[in-house]
Protein chains: 2
Amino acid sequence: MSQTMKDKILQAAEDRVRGAGFAEMSFRDLAKDVGIKSASVHYHFPTKPDLGEALVQRYAEQFEVHLEKIDQDDLQKALDGFVALYSQALVLNESICLCAVMGAEAIGLPENVNQRTKAFFAMNKTWLEHLFTRHGIEDAGDKAGLVVAALEGGMIVASASNDRTLFDRVARTAMASITI
Amino acid sequence: MSQTMKDKILQAAEDRVRGAGFAEMSFRDLAKDVGIKSASVHYHFPTKPDLGEALVQRYAEQFEVHLEKIDQDDLQKALDGFVALYSQALVLNESICLCAVMGAEAIGLPENVNQRTKAFFAMNKTWLEHLFTRHGIEDAGDKAGLVVAALEGGMIVASASNDRTLFDRVARTAMASITI
DNA sequence: TCATATCTACCTATCAGTAGGTAGACAACC
DNA sequence: GGTTGTCTACCTACTGATAGGTAGATATGA
């Protein structure tokens with residue numbers, strides 16, 4: 001299962017954006033990462049917005065696969081799996097959720113990129129909402145929105161503070177406020 | 001009360017960072033904004049990290065003043081005031097909280113800037129924690145952390161989705177999970 | 001089957017524009 | 001006369017993007 005050059009570029013781009021932001025990522029950096037010239041990166045992704053859109057789309061698709069895997073009837077196990085997905089996205093001094101970065105930069109980003117980011121958040125919220133509804137939890141939609149916001153925000157606070165326990169506490173407290 | 005040039009630069013920088021990110025803000029942009037040359041901006045802030053640090057410090061100081069103003073014994077009124085502070089920081093297609101941006105970009109930012117961002121989050125959490133403790137709310141620290149994360153995250157989700165009601169719902173749901 | 005044509009995936013070279021930063025001149029003010 | 005604040009003029013490094021070209025795979029048609 002060999003990776004195509006397009007995939008290699010997207011992977012390099014994801015690493016860089018999740019580490020330093022979309023504005024900080026350049027075609028030349030990506031070219032060096034994958035071993036081609038920057039002009040060749042433009043062959044695969046004509047413009048930076050094109051690359052950004054493909055990037056978020058791929059990230060969301062991969063995330064969706066994971067969501068399907070952890071989808072199960074046991075509420076506690078499903079929630080644990082959900083938190084674990086976010087927890088894995090947070091590596092101190094290395095990366096946070098791609099869409100936390102894209103969301104924070106949203107105002108200065110191309111509209112096509114923002115649409116994909118918006119869709120990512122909506123997908124996460126919907127997944128949780130369905131889970132909550134199945135278990136008869138009231139205000140499922142609002143509570144789903146709270147959990148997504150808390151986890152994304154918790155990731156940012158933890159990353160800036162260089163303290164992973166801050167994320168863990170936020171996640172635990174958010175879950176407690178739902179399942180009680 | 002005329003503004004000093006230093007303050008004018010910081011204000012322009014804040015507007016730009018909150019709109020498009022720290023990486024996207026340039027000395028030339030700021031120079032145009034305040035009507036001087038970029039070399040003169042370097043006179044006030046020798047390097048970009050210097051500017052970034054002063055920026056977050058000023059933002060935190062101003063926020064602290066606001067926190068002192070809304071500090072009162074009525075729990076609901078204090079919480080409403082807190083949420084209002086965050087709500088005011090969110091202007092669709094224009095700005096979000098400075099520290100949400102700085103936090104999201106943290107991995108690629110200078111350490112002195114991150115220290116200030118970390119202090120901002122800590123200050124917010126501490127303010128809430130004291131409020132909760134005064135009202136005998138259990139797990140005051142964890143709940144304070146949840147609220148800060150939820151509001152910062154809610155701002156990001158709402159900004160990327162270009163939908164202010166997403167923030168309002170997150171804020172309301174977070175508050176409900178505390179005061180019940 | 002061989003020649004022609006097209007496509008893929010790169011390359012080199014270059015562009016105009018912008019980045020952060022510096023040196024040194026100059027004027028205003030205490 | 002020194003300090004403060006701003007200027008002009010410049011530097012090197014890098015940005016996204018484009019032009020034009022090429023080797024090799026693949027498809028088309030006589």
Side-chain angles (χ1 to χ4, degrees), chain A residues 1-56 58 101-102 105-114 116, chain B residues 1-56 58 101-102 105-114 116:
Chain A
M1 189 117 76
S2 73
Q3 240 186 343
T4 65
M5 184 53 77
K6 211 162 181 170
D7 270 329
K8 278 202 233 173
I9 293 168
L10 285 173
Q11 187 57 53
E14 185 181 318
D15 293 345
R16 289 200 173 263
V17 173
R18 290 176 63 184
F22 188 71
E24 283 283 75
M25 175 216 72
S26 76
F27 277 60
R28 277 169 183 73
D29 289 336
L30 300 183
K32 274 180 197 158
D33 290 342
V34 303
I36 59 174
K37 299 294 168 180
S38 75
S40 305
V41 180
H42 279 283
Y43 168 78
H44 295 283
F45 304 97
T47 69
K48 210 177 175 186
D50 290 334
L51 206 174
E53 183 177 347
L55 194 55
V56 182
R58 191 185 84 129
V101 179
M102 293 298 203
E105 286 187 78
I107 298 170
L109 253 38
E111 191 48 35
N112 59 334
V113 178
N114 286 342
R116 298 283 177 184
Chain B
M1 188 117 75
S2 71
Q3 242 185 344
T4 65
M5 183 54 76
K6 210 162 182 169
D7 270 330
K8 278 201 232 174
I9 293 168
L10 285 173
Q11 187 57 53
E14 186 182 316
D15 293 345
R16 289 198 172 265
V17 173
R18 290 176 62 185
F22 187 71
E24 284 281 74
M25 174 217 72
S26 76
F27 277 60
R28 279 171 179 74
D29 289 336
L30 300 183
K32 275 179 197 159
D33 289 342
V34 303
I36 59 175
K37 299 294 170 182
S38 75
S40 306
V41 179
H42 279 285
Y43 169 77
H44 294 283
F45 303 98
T47 70
K48 208 177 176 186
D50 290 334
L51 206 175
E53 183 176 348
L55 194 54
V56 182
R58 191 185 84 129
V101 179
M102 293 300 204
E105 286 187 78
I107 298 170
L109 254 38
E111 191 48 35
N112 59 334
V113 178
N114 286 341
R116 298 285 178 183

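Every chain is numbered from 1, with letters handed out A, B, ... down the list of sequences. What you see is a predicted model, and the numbers here were worked out from it, not measured in a lab.
Residues satisfying the side-chain hydrogen bond (donor to acceptor under 3.5 Å, both in side chains) criterion with A:N114, sequence neighbours excluded, are absent altogether. With sequence neighbours excluded, the residues satisfying side chain to side chain contact (heavy atoms under 4.5 Å, CB included) with B:D50 are B:P46, B:T47.
Checked by atom type, the side-chain pair B:Q11/B:D15 shows a donor-acceptor distance below 3.5 Å.
A heavy atom lying under 4.0 Å from DNA chain C marks none of the residues of residues 105-114 of chain B.
Applying the salt bridge (Lys or Arg N to Asp or Glu O under 4.0 Å) definition to pairs two or more places apart or across chains, those involving residues 22-33 of chain B are B:R16-B:D29, B:R16-B:D33. The ring-ring contact (aromatic ring centres under 6.0 Å, His included) pairs that include a residue from residues 20-43 of chain B are B:F27-B:H42, where partners are two or more places apart or lie in different chains.
Note on B:Y43: a side-chain N or O is less than 4.0 Å away from OP1 or OP2 of D:dG5. The shortest distance between the side-chain N/O atoms of B:S40 and the OP1/OP2 oxygens of D:dC7 is below 4.0 Å.
Residues B:A23 and A:A23 approach most closely at CB-CB, 4.2 Å, considering heavy atoms. A pairwise comparison of heavy atoms in A:I107 and B:G19 identifies CB-O, 2.9 Å as the closest pair.
The CD1 atom of A:I36 sits 6 Å away from the P atom of C:dC10 (whole-angstrom rounding). Computed from coordinates, the A:K37 NZ to D:dG16 C1' distance equals 17 Å when rounded to whole Å. With rounding to whole Å, B:H44 atom NE2 is found 12 Å from D:dC7 atom C1'. Straight-line distance from the CG atom of A:L30 to the P atom of D:dC14: 15 Å, rounded to whole Å.
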Under a 4.0 Å heavy-atom criterion, the protein footprint on nucleotides 13-29 of chain C, written with B, S and -, is ------BBBBB------

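B:K48 places a side-chain N or O within donor-acceptor distance of the main-chain N or O of B:M25, the cut-off being under 3.5 Å.
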